[in-house]
There are 2 protein chains.
Amino acid sequence: MVTIDKFSRTPVYEQIADGFCREVLCGLMPEGAQMPSVRELSVLLATNPNTVQKAYLELDRRGVISSAPGVGSFIRPGAADAIREGMKSRMSEITAIARELALAGIPEEEVLDCIRSAYRDPDQPKTEKE
Amino acid sequence: MVTIDKFSRTPVYEQIADGFCREVLCGLMPEGAQMPSVRELSVLLATNPNTVQKAYLELDRRGVISSAPGVGSFIRPGAADAIREGMKSRMSEITAIARELALAGIPEEEVLDCIRSAYRDPDQPKTEKE
DNA sequence: ATAACTGTACTAACCGCCATAGTACAGTTG
DNA sequence: CAACTGTACTATGGCGGTTAGTACAGTTAT
């Protein structure tokens with residue numbers, strides 16, 4: 001389920017949008033699946049309907065969902081591909097941070113290991129065991 | 001020289017602080033070097049003295065500079081190490097983004113190449129040639 | 001048609017962060 | 001004393017995020 005961190009710096013509406021993108025990528029929300037209604041989700045997340053609507057607007061802008069008054073919001077065909085495409089821009093973020101780390105003299109191997117560990121277990125950032 | 005991007009999302013005072021951190025790491029600002037005065041820098045950057053002071057406060061918080069009324073602000077001994085230490089937290093950012101990319105199915109090699117290219121030339125993000 | 005749902009639009013208000021402006025005070029240096 | 005330094009303070013404006021409340025339009029089921 002999508003969760004909200006009230007203390008995070010990233011806006012709530014963005015957390016919601018990102019959360020559903022993750023569910024789509026995981027296969028929890030297949031193409032054609034119906035999103036919870038704006039009002040329903042606002043109750044579940046203990047937030048404001050306007051904030052949820054803003055999240056849905058963002059998801060629509062990303063090509064993830066499609067909405068119709070009276071009907072509901074649904075996962076678009078090809079949503080996962082749209083998300084993947086948008087993801088590529090995030091690689092430049094990684095490059096930018098890596099450049100700073102390089103300048104700071106952090107060993108390249110340490111940073112590469114960050115990537116490797118992320119690919120080893122994409123879930124469960126905490127409480128990992130080996 | 002430290003420069004300001006008025007259209008960037010990151011606050012100006014943070015850009016200033018980050019900029020001087022970069023200069024320290026590059027060796028342009030060695031230990032004991034005197035920072036420009038608050039008022040002087042505010043003129044150079046065409047910004048407000050309060051904004052510069054906030055940047056200096058941030059640099060003090062990071063253990064990069066040390067200030068004294070009537071004297072000035074100076075690069076602390078061990079400033080580079082302090083910056084390096086703070087940098088390590090940024091590795092978790094990389095890990096978080098990499099996890100999303102992994103979930104999105106972006107090939108690991110592509111992400112690893114982001115790191116490698118960043119380490120190949122830490123400067124000049126654009127107009128690179130091979 | 002009515003009721004109950006859906007998305008959507010709009011205004012108003014509040015809050016926090018950032019930046020600016022102006023003033024003032026305290027310490028150091030010449 | 002004059003000229004610099006950092007520092008503190010209040011006030012203001014702007015922007016973005018969130019909440020609140022209301023309203024309208026479209027669909028679905030009864």
Side-chain angles (χ1 to χ4, degrees), chain A residues 2-21 24 29 31-77 79, chain B residues 2-21 24 29 31-77 79:
Chain A
V2 174
T3 56
I4 296 304
D5 178 10
K6 286 180 66 74
F7 302 111
S8 169
R9 308 184 164 188
T10 68
V12 172
Y13 79 93
E14 218 170 295
Q15 291 182 44
I16 298 173
D18 291 343
F20 278 102
C21 282
V24 168
M29 293 293 277
E31 297 182 359
Q34 181 165 15
M35 299 280 290
S37 81
V38 171
R39 292 169 180 82
E40 182 189 357
L41 187 58
S42 74
V43 173
L44 287 176
L45 298 181
T47 181
N48 193 280
N50 291 331
T51 304
V52 175
Q53 193 205 348
K54 198 169 182 180
Y56 279 23
L57 211 76
E58 172 67 16
L59 285 169
D60 180 275
R61 197 192 59 79
R62 296 186 192 178
V64 177
I65 68 173
S66 191
S67 305
V71 186
S73 299
F74 302 86
I75 305 295
R76 267 201 200 146
Chain B
V2 175
T3 56
I4 296 303
D5 178 9
K6 286 180 67 75
F7 302 110
S8 169
R9 309 181 163 190
T10 67
V12 172
Y13 81 93
E14 219 170 293
Q15 292 182 44
I16 297 174
D18 291 343
F20 277 103
C21 283
V24 168
M29 292 293 280
E31 297 182 0
Q34 183 165 13
M35 299 280 289
S37 82
V38 171
R39 292 170 180 81
E40 182 189 357
L41 187 58
S42 74
V43 174
L44 287 177
L45 298 180
T47 181
N48 194 281
N50 291 329
T51 304
V52 175
Q53 193 204 347
K54 197 169 182 181
Y56 280 22
L57 211 76
E58 173 67 16
L59 285 169
D60 181 277
R61 197 192 59 79
R62 295 186 193 177
V64 177
I65 69 173
S66 191
S67 305
V71 186
S73 299
F74 302 86
I75 304 296
R76 265 199 202 148

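Here is how names work: the chains are called A, B, and so on, in the same order as the sequence lines, proteins then strands, and each is numbered from 1. The shown structure was predicted, so the numbers you read here are calculated from the model rather than taken from an experiment.
- With a 4.5 Å cut-off on side-chain heavy atoms, B:Val64 and B:Phe20 do not count as touching.
- Looking only at side-chain heavy atoms (C-beta outward), B:Leu59 and B:Cys21 come within less than 4.5 Å of each other.
- In this structure, A:Asn48 atom CG and D:dG17 atom P are separated by 15 Å, rounded to whole Å.
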Could you go through nucleotides 11-18 of chain C and list every protein N or O atom that sits under 3.5 Å from one of its N or O atoms, giving the distance for each pair?
residue: C:dC18; atom: OP1; partner: B:Tyr13; partner atom: OH; Å: 3.4
residue: C:dC18; atom: OP2; partner: B:Lys54; partner atom: NZ; Å: 3.4

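- Following rounding to the nearest Å, A:Arg61 (CZ) and C:dG7 (P) show an atom-to-atom distance of 20 Å.
- B:Met35 approaches B:Met29 most closely through the heavy-atom pair SD-CE, 3.7 Å.
- OP1 or OP2 of C:dG7 has at least one side-chain nitrogen or oxygen of A:Ser73 nearer than 4.0 Å.
- Using a 4.5 Å heavy-atom threshold, the side chains of A:Tyr56 and A:Leu41 count as touching.
- The side chain of A:Arg39 has D:dA23 as its nearest neighbour among D:dA23, D:dT19, D:dG6.
- A:Arg76 places a side-chain heavy atom less than 4.5 Å from the side chain of A:Asp60.
- Residues B:Thr47 and B:Ile4 have side chains not in contact (no heavy-atom distance under 4.5 Å, counting atoms from C-beta outward).
- Considering only side-chain atoms of A:Val71, the nucleotide from C:dG7, D:dA8, D:dT27 that sits closest is D:dT27.
- Across the protein-nucleic acid pair, A:Gln53 atom CD and D:dC24 atom P stand 17 Å apart, rounded to whole Å.
- Between A:Ser42 and A:Asn50, every side-chain heavy-atom pair lies at or beyond the 4.5 Å cut-off.
- Positionally, the nearest nucleotide of DNA chain D for A:Thr51 lies more toward the 5' end than for the other of A:Gly70 and A:Thr51.
- Atom P of nucleotide D:dT7 and atom CG of B:Leu59 are separated by 12 Å, given to the nearest angstrom.
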Identify each atom pair where a protein N or O and an N or O of nucleotides 12-15 of chain D are less than 3.5 Å apart, giving names and distance.
none

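- Both B:Ala68 and A:Gln15 lie near DNA chain D, and the one whose nearest nucleotide falls closer to the 5' end is B:Ala68.
- Put simply, CD on B:Glu58 is 14 Å from P on D:dT7, counting in whole angstrom units.
- Taking atom CG of residue A:Leu41 and atom P of nucleotide C:dG7, one finds them 10 Å apart after rounding to whole Å.
- With respect to the salt-bridge test (charged N to carboxylate O, under 4.0 angstrom), the residues A:Arg62 and A:Glu58 qualify.
- The distance between atom CE of A:Met35 and atom P of C:dT6, rounded to the nearest whole Å, is 13 Å.
- Out of C:dT6, C:dT8, D:dT7, the shortest distance to the side chain of A:Ser37 is found at C:dT6.
- Without hydrogens or angle criteria, A:Gln15 side chain to A:Asp5 main chain gives a donor-acceptor distance under 3.5 Å.
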